[in-house]
Colleague: 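Pasting a structure below so you can have a look.
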Amino acid sequence: MSKRVAEALFPNIKMTYQEAEALYPPRDLPEGAVCTRFAPSPTGFMHIGGLYTALLNSIFTRSRGGVFFLRIEDTDQKRQIENGVTEIINALDEFQIHFDEGAIGETEDSGRYGPYRQSLRKEIYQTFAKYLVEIDRAYPCFCTSDELEAIREKQEAAEALQKGYYGEWAACRNLDEETVLKRIANGDRWIVRLRSGGRLGVSRVYHDMIRGDISMQENILDAVIIKGDGLPTYHFAHVVDDHLMRTTDVIRADEWIASIPLHVEMFEMLDFPVPRYTHLSPIMKNEAKEDGEGISRRKLSKRKDPEARVGYYDEAGYPIPAVLDYLLTIGSADYEPWREENMDASIFDFSLDLSKSGAAGALFDFDKLNNVAKKRVGHMSEEQIFASVSAWAGRYDAKLNSFIEHNADIFRKSITVWHERRLDVAKWSDLMELYPYMYDPAFTVDAALPDAFLPHKERIPEILGDYLETFDYDDDSNEWFNKVKEVAVRHNYCVKMGAYKKRPEDYNGSIADLSSFIRYALTGTTNTPDLHGIIHVIGKDAAVSRVEAFRSKLANR
RNA sequence: GGCCCGGUGGUCAAGCGGCUAAGACACCGCCCUUUCACGGCGGUAACACGGGUUCGAUUCCCGUCCGGGUCACCA
């Protein structure tokens, strides 16, 4: 009955349902293997939430075996940005997320289930849209946005239980064929809508791997499937693509939960098997409420939150595996214990059970990220660190880069100093922040004394003078510290911490106090790696002149 | 507003009818100590609220509250 309408709508579509189907045969996957995808829109820089979704898809697929592909959802031409696809591919590649099939460049694809960008699949979507019109499960709609608005207003006024384009409200749903044909011939603008068979008020149970059974009303909306530009909406493209590309598991953000009934209805209308759905909780952030007191959580936002951009982590110099570790720590409660046991294993060897992923959105926690990153850095070899820092500094830190270029050996030595038995560094931008006294040629210590030094103030110049007197750059660590101890004894600073704690009143202070004077003179701070090591990074001249400068500043006040 | 999802310490998060309610991060303290750290040990701190069901509820049911999502020719 609607064959004529279908033909009028899509005169150029010659392919049939069966022919399209035959183009994409079922995959020959081993028992238990899966097929998954990551399907971003090239509308801007990569979002951390997108990376998270991609990562979980990837690890899930690796642990089950199967195929993981990259599909570009570029059906909204207004929102496209230049080089959007490249942006996505580079970001994913940088984070070690690799695909078996899909887009591999701005215009190139790899794999036999393509094209993997939706803008190139117009004919395929239209083939199935045409089919739905033929079997009367879809129809053209001529409503303008003004008319749509008018319907909405009427629904408001009538206090309709459900708003939207459906049933009686769907003005174009029951136009007679002659009218439709005439309007098409007349050149009236049209789109294609689903003729939903769902019933208002009738619920049905849908399944999600994380949330389990979800009871929702059947879809009743006559959703748009083909837009005015001939391209499909997300919903329709999802159904057609994930069927033809033989996706077994759709793992996506939880904002799609509400669309499950629509998607399932379309799968069923087209006689496609429904894939398993897994909806991932978003990464959240706390925010002060705009109107008054309290805080609320919201999703990490591209616009407001710098940490939402994956580029942020790269710029800050977080090692890639650290970011991945953190993301998976959020993604699966099983991950941390596993990582503890398998510190050197690839993250992709983790066996991910998605049903154990949390249903509530996790708050992004920088403390935790930094902790995870520090452990990661702690496990990197110094060679790896050298390579990673060099590459990073080359891109983001001219000062540090210049230091490395001119003092590669010293820089290597310095890595040992802060890396061995320490967990201070989470990201490469910490280096200049934490250790300007090693890496900044212009470094000087200002003479403002820490409060803790005040009781010792009068003695410090003399102590430093004595220290300098016996200082020998060629001393090894033991010799050097023994001399420090000698100075300590001479000034009645206790060299055994245990003894000092028992009778502090017997001494001017402890070796800890005295060491911190030297430490501060050298570095301007009281928390640093091993001093002997630092001395041999900054060199003999600086090791002497800084102490001398600090001493004379104090003495001359 | 309708519908859906969620709500265990500051954060992440085990728990799946009976526990002194794990663990990690952060914080604090102690120990170790050749300083700084690392490490070890310990501590503060939680089942949103109200009803049920049950011999017994963090766990099951209902309601309330709070948070999030969704109701587009955007994805």
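Keep in mind that the numbers below use all heavy atoms, side chains included, and drop hydrogens, waters and symmetry copies. All values derive from a computational prediction rather than experimental measurement.
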Colleague: Do any N or O atoms from the side chain of A/R193 and from the backbone of A/Y165 form a donor-acceptor pair under 3.5 angstrom?
Modeller: no
Colleague: Only pairs at least two apart or in different chains count here, so list each ring pair (Phe, Tyr, Trp, His ring centres under 6.0 Å) that has a residue in residues 324-344 of chain A.
Modeller: A/Y326-A/F364, A/Y335-A/W338, A/Y335-A/F350, A/W338-A/F350
Colleague: Take atom C1' in B/A48 and the same atom in B/G7, then report the distance between them in whole Å.
Modeller: 7 Å
Colleague: To the closest 0.5 Å, what do you measure between CD1 (A/I59) and CD1 (A/I347)?
Modeller: 4.5 Å
Colleague: Rounded to whole angstrom, note down the C1' distance from B/A45 over to B/U11.
Modeller: 12 Å
Colleague: Are the aromatic ring centres of A/F517 and A/H456 under 6.0 angstrom apart?
Modeller: yes
Colleague: Any pair with a residue in residues 363-375 of chain A that passes salt bridge (charged side-chain N to carboxylate O under 4.0 Å, His left out), sequence neighbours left out, goes on the list, sorted by first then second residue, please.
Modeller: A/E336-A/K368
Colleague: So which atom in A/R137 and which in A/S196 form the shortest heavy-atom distance, rounded to 0.1 Å?
Modeller: NH2-C, 4.2 Å
Colleague: Rounding to an integer number of angstrom, what distance separates B/C32 and B/C41 when you compare their P atoms?
Modeller: 15 Å
Colleague: Of all the choices, B/A14, B/C31, B/C25, which nucleotide is nearest to the side chain of A/K501 once you look at every atom?
Modeller: B/C31
Colleague: Whole angstrom is fine here: how far is it from CD in A/Q162 over to C1' in B/C4?
Modeller: 12 Å
Colleague: Does the plane of the ring in A/W480 sit parallel, tilted or perpendicular to the ring in A/H532? Use 30° and 60° as the thresholds.
Modeller: tilted
Colleague: Look at all strands and tell whether A/E255 reaches a base, only sugar-phosphate, or nothing, counting heavy atoms closer than 4.0 Å.
Modeller: base
Colleague: Charged N to carboxylate O below 4.0 Å: is that the case for A/R173 and A/E168?
Modeller: no
Colleague: Scan residues 196-214 of chain A against RNA chain B and write down, sorted by residue number, each residue with any heavy atom closer than 4.0 Å; if none is found, say none.
Modeller: A/R211, A/I214
Colleague: Distance between the C1' atoms of B/U53 and B/A21, in whole angstroms?
Modeller: 23 Å
Colleague: Provide, to the nearest angstrom, the distance between the CG atom belonging to A/D229 and the P atom belonging to B/A75.
Modeller: 9 Å
Colleague: Can you find a side chain N or O atom of A/N371 that sits less than 4.0 Å from OP1 or OP2 on B/A24?
Modeller: no
Colleague: Roughly how many Å apart are B/C62 and B/C30, using the C1' atom of each and rounding to a whole number?
Modeller: 50 Å
Colleague: On a heavy-atom basis, which atom in A/L369 and which in A/A322 lie closest, and how many Å separate them?
Modeller: CD2-O, 4.4 Å
Colleague: Under 4.0 Å, counting only non-hydrogen atoms across every strand here, what does A/G228 touch: a base, just sugar-phosphate, or nothing?
Modeller: base
Colleague: Report yes if a side-chain nitrogen or oxygen of A/R152 is closer than 4.0 Å to either non-bridging phosphate oxygen (OP1 or OP2) of B/A72; otherwise report no.
Modeller: yes
Colleague: Would you indicate what A/D530 reaches in the nucleic acid, counting non-hydrogen atoms under 4.0 angstrom: base, sugar-phosphate, or nothing?
Modeller: base
Colleague: For the pair made of CG in A/L161 and P in B/G1, what is the distance, rounded to whole Å?
Modeller: 16 Å
Colleague: Is A/D74 salt-bridged to A/R117, cutoff N-O under 4.0 Å?
Modeller: no
Colleague: Using atom P in both nucleotides, what's the gap between B/A13 and B/G51 to the nearest angstrom?
Modeller: 30 Å
Colleague: Of all the choices, B/A75, B/A26, B/C38, which nucleotide is nearest to the side chain of A/L423 once you look at every atom?
Modeller: B/C38
Colleague: Whole-Å distance between B/A72 P and A/L148 CG?
Modeller: 9 Å
Colleague: Where does RNA chain B pair, written as one dot-bracket string 5' to 3', with Watson-Crick or G-U pairs under 3.5 Å, ( ) inside the strand, [ ] for crossing pairs and | for another strand?
Modeller: ((((((((.[[[..)..(....]]].(((((.......)))))....[[[[[..)....]]]]])))))))....
Colleague: Which nucleotide in the set B/U11, B/A37, B/C4 lies at the smallest distance from any side-chain heavy atom of A/R421?
Modeller: B/A37
Colleague: How long is the line joining CD of A/E159 and P of B/C71, in whole Å?
Modeller: 22 Å
Colleague: Rounded to whole Å, please give me the gap between NE2 in A/H263 and P in B/C4.
Modeller: 18 Å
Colleague: Is the phosphate of B/A75, meaning OP1 or OP2, less than 4.0 Å from a side-chain N or O of A/K227?
Modeller: yes
Colleague: Within the 4.0 Å heavy-atom criterion, would you say A/S477 contacts the bases, only the backbone, or no part of the nucleic acid?
Modeller: nothing
Colleague: Could you pull out all residues at least two apart from A/D451 that satisfy side chain to side chain contact (heavy atoms under 4.5 Å, CB included)?
Modeller: A/L454
Colleague: Under the side chain to side chain donor-acceptor pair (under 3.5 Å) rule, collect the residues that match up with A/H235, sequence neighbours excluded.
Modeller: A/H263
Colleague: Between B/A14 and B/A22, how far apart are the two C1' atoms, rounded to whole Å?
Modeller: 6 Å
Colleague: Taking all atoms of both residues into account, what is the closest heavy-atom pair of A/Y473 and A/H536, and its distance?
Modeller: O-CE1, 2.8 Å
Colleague: Hey, does the side chain of A/K368 come within less than 4.0 Å of B/A13's phosphate (OP1/OP2), counting only N and O?
Modeller: no
Colleague: What does A/L363 touch in the nucleic acid at a heavy-atom separation under 4.0 angstrom: a base, only the sugar-phosphate, or nothing?
Modeller: sugar-phosphate
Colleague: Taking only side-chain nitrogens and oxygens of A/T75, does any of them come within less than 4.0 Å of OP1 or OP2 of B/A75?
Modeller: yes
Colleague: Write down the distance between CG (A/L262) and P (B/C71), rounded to a whole number of angstrom.
Modeller: 10 Å
Colleague: Name the closest nucleotide to the A/A362 side chain, picking from B/C38, B/U11, B/A13.
Modeller: B/A13
Colleague: Rounding to an integer number of Å, can you tell me how far A/K375 NZ sits from B/C38 P?
Modeller: 12 Å
Colleague: Between B/A37, B/C73, B/U70, which nucleotide gets closest to the side-chain atoms of A/R193?
Modeller: B/C73
Colleague: Need one value for A/S41: base, sugar-phosphate or nothing, where a base atom within 4.0 Å counts as base even if backbone is also close, heavy atoms only.
Modeller: sugar-phosphate
Colleague: Specify the residue among A/K496 and A/T329 whose closest nucleotide of RNA chain B lies further upstream toward the 5′ end.
Modeller: A/T329
Colleague: Counting heavy atoms from C-beta on, name the nucleotide in B/A75, B/G68, B/A72 closest to the side chain of A/M284.
Modeller: B/G68
Colleague: Take atom C1' in B/C66 and the same atom in B/G23, then report the distance between them in whole Å.
Modeller: 28 Å
Colleague: On RNA chain B, compare the nucleotides closest to A/A39 and A/L531; which residue's is nearer the 5' end?
Modeller: A/L531
